[in-house]
Amino acid sequence: MLIGAALSVVFFACSKKDSDKPTGPIDPTVPTDTLPATKTYDASALTAASVASRGTIVKGALPAASAATGTPVLSSTIAEDTYSAIAGRYLIIPLTLTSGQITGAYVQFQGADAYFKVDFSSKTNGRVANPRPVFGRDIYGDGRDSAVVIKMPADLPTSTLKVLISVYDKAGNASKSITVNANVFNTASSADSKALSGKWSLVRTQYIDKYTNLPFDWEYPYVNHYRYGFYTCINGKLSETDDSTVTGAVKIMRSNWKTNEEYTQLNADGSGKHVYSDSLYVLKADNTCSSRNYEASNDTGNEALGWYYNATTKKLYIISDVIIYDTKDFSVEVYDAKVENGKLIITGEGGDITELEKK
């Protein structure tokens with residue numbers, strides 16, 4: 001969720017459309033002969049070279065839609081966004097239903113002579129329809145089996161794909177298919193991306209006030225951040241109050257936190273990780289009027305990600321593509337990015353700015 005408290009918000013907040021064309025100039029400072037070769041795939045060859053989670057390859061066209069009562073209906077909202085993946089990593093397409101229950105999905109790259117039959121029933125008895133927007137990534141229950149997950153070949157060049165998807169129930173009734181768009185970025189073969197690879201440590205963050213659209217002061221993570229509140233004594237116990245003028249109100253530190261370490265590792269092959277460690281001290285709820293006891297805790301994380309940089313549009317793609325608990329773990333974020341004076345400066349859609357430096 002690059003910057004613990006910061007990039008938990010900045011990098012992995014929520015997903016968005018990412019329809020930028022994935023092209024960019026070659027950086028002459030990076031020898032192109034050190035970049036791995038890519039291979040041209042037609043849709044059929046791409047199917048054979050890809051692996052769908054819990055999927056088998058079946059020759060032929062997608063099964064025809066069923067007219068049977070109760071046939072599941074796949075929501076057209078899944079076609080409203082362009083999905084993104086890194087070559088050698090995972091193309092993830094969460095599914096949303098308008099009605100019905102599903103046991104699996106049929107998935108085909110447009111123009112292929114075969115398709116993937118994905119079996120969700122090995123995990124559950126199928127997903128109940130959930131009308132929430134697909135990019136809310138919020139599917140009730142164990143959402144890992146409500147997403148199509150395809151491992152893409154590592155030598156696939158940067159490409160735009162069309163993917164046909166339908167779903168089926170335990171009786172084999174198939175929905176009408178929906179076509180979605182996907183970008184696959186080959187970071188490893190991109191000189192622009194290779195020039196940006198490395199370990200980038202958090203320097204500072206500036207958030208935008210969503211009410212005034214004005215920037216807050218820069219926030220520096222490696223110092224103590226204090227929060228205070230007003231408290232009174234009631235029946236021998238500290239009790240927080242919103243009224244600082246009430247008789248006996250005293251100002252007391254409510255919490256103290258700081259970041260111990262925060263960095264994002266961008267590897268040349270398109271893989272990466274976001275690592276953070278924060279310390280937090282919070283005033284305990286059972287303090288007496290004279291005591292000031294705090295509860296200490298640590299928040300740490302080591303999160304896998306994929307990434308790609310487009311030097312022409314100066315867009316940085318961060319793809320959280322390892323689903324651990326449910327489909328909310330998956331996100332695609334696109335940021336304005338530039339390097340100035342040795343610092344990587346990233347601007348989110350809402351205007352929040354994060355500065356990092358290479359270590």
Is Y226 reachable from Y222 through a run of hydrophobic residues whose side-chain heavy atoms are each under 4.5 Å from the next? no

Indicate, with yes or no, if the rings of Y106 and F116 have centres closer together than 6.0 Å. no

Taking the six-membered ring for Trp, are Y317 and F185 ring centroids under 6.0 Å apart? yes

Short side-chain to backbone donor-acceptor contact, D169 and N173, under 3.5 Å: yes

Please lay out, stage by stage, how D336 and K315 fare under the test salt bridge (Lys or Arg N to Asp or Glu O under 4.0 Å). CA-CA 5 Å; D336 294 321; K315 299 291 186 182; 2.6 Å; yes

Over 60° means perpendicular and under 30° means parallel, so tell me whether H225 and W257 are parallel, tilted or perpendicular. parallel

Would V51 and L91 show up in the same hydrophobic cluster when neighbours are defined by side-chain heavy atoms closer than 4.5 Å? no

Atom of L196, atom of W200 and distance for their closest heavy-atom approach: O-NE1, 2.9 Å

Run V148 and L95 through side chain to side chain contact (heavy atoms under 4.5 Å, CB included) and show every step you take. CA-CA 7 Å; V148 170; L95 304 181; 4.1 Å; yes

When hydrophobic residues are tied together by side-chain contacts of less than 4.5 Å, even through go-betweens, does V167 share a cluster with Y83? yes

Could you walk me through whether L156 and K39 pass the side chain to side chain contact (heavy atoms under 4.5 Å, CB included) test, one step at a time? CA-CA 6 Å; L156 178 68; K39 175 183 176 181; over 6 Å; no

Hydrophobic clustering (ILVMFWY, side-chain heavy atoms < 4.5 Å, transitive) - are I57 and I165 grouped together? yes

Please tell me whether Y207 and F216 form a close aromatic pair, meaning their ring centres lie under 6.0 Å apart. no

Is the number of heavy atoms from other residues, nucleotides or ligands within 6.0 Å of NZ (K358) greater than 12? yes

Y281/Y294 aromatic ring centres below 6.0 Å: no

Show, in sequence, the C-alpha distance, side-chain angles and deciding distance for E355 and R204, and conclude whether the salt bridge (Lys or Arg N to Asp or Glu O under 4.0 Å) test is met. CA-CA 5 Å; E355 288 187 3; R204 61 179 185 171; 3.0 Å; yes

Any chance you could lay out the side chain to side chain donor-acceptor pair (under 3.5 Å) test for D113 and S44, step after step, and finish with the verdict? CA-CA 5 Å; D113 62 359; S44 298; 3.2 Å; yes

If you count the non-hydrogen atoms of other residues, nucleotides and ligands that lie under 6.0 Å from CG in N298, is the total more than 12? yes

Do other residues, nucleotides or ligands put more than 12 heavy atoms under 6.0 Å from the CG atom of D242? no

Check for me, please, whether Y168 and I150 land in the same ILVMFWY cluster - side-chain distances under 4.5 Å, paths through other members count. no

Do T259 and D278 pair up side chain to side chain, a donor and an acceptor below 3.5 Å, judged on atom types alone? yes

Compare every heavy atom of T98 with every heavy atom of S75, then report the nearest pair and how far apart it is. CA-OG1, 3.4 Å

Residue E240 excluded, over 12 heavy atoms near CD under 6.0 Å: yes

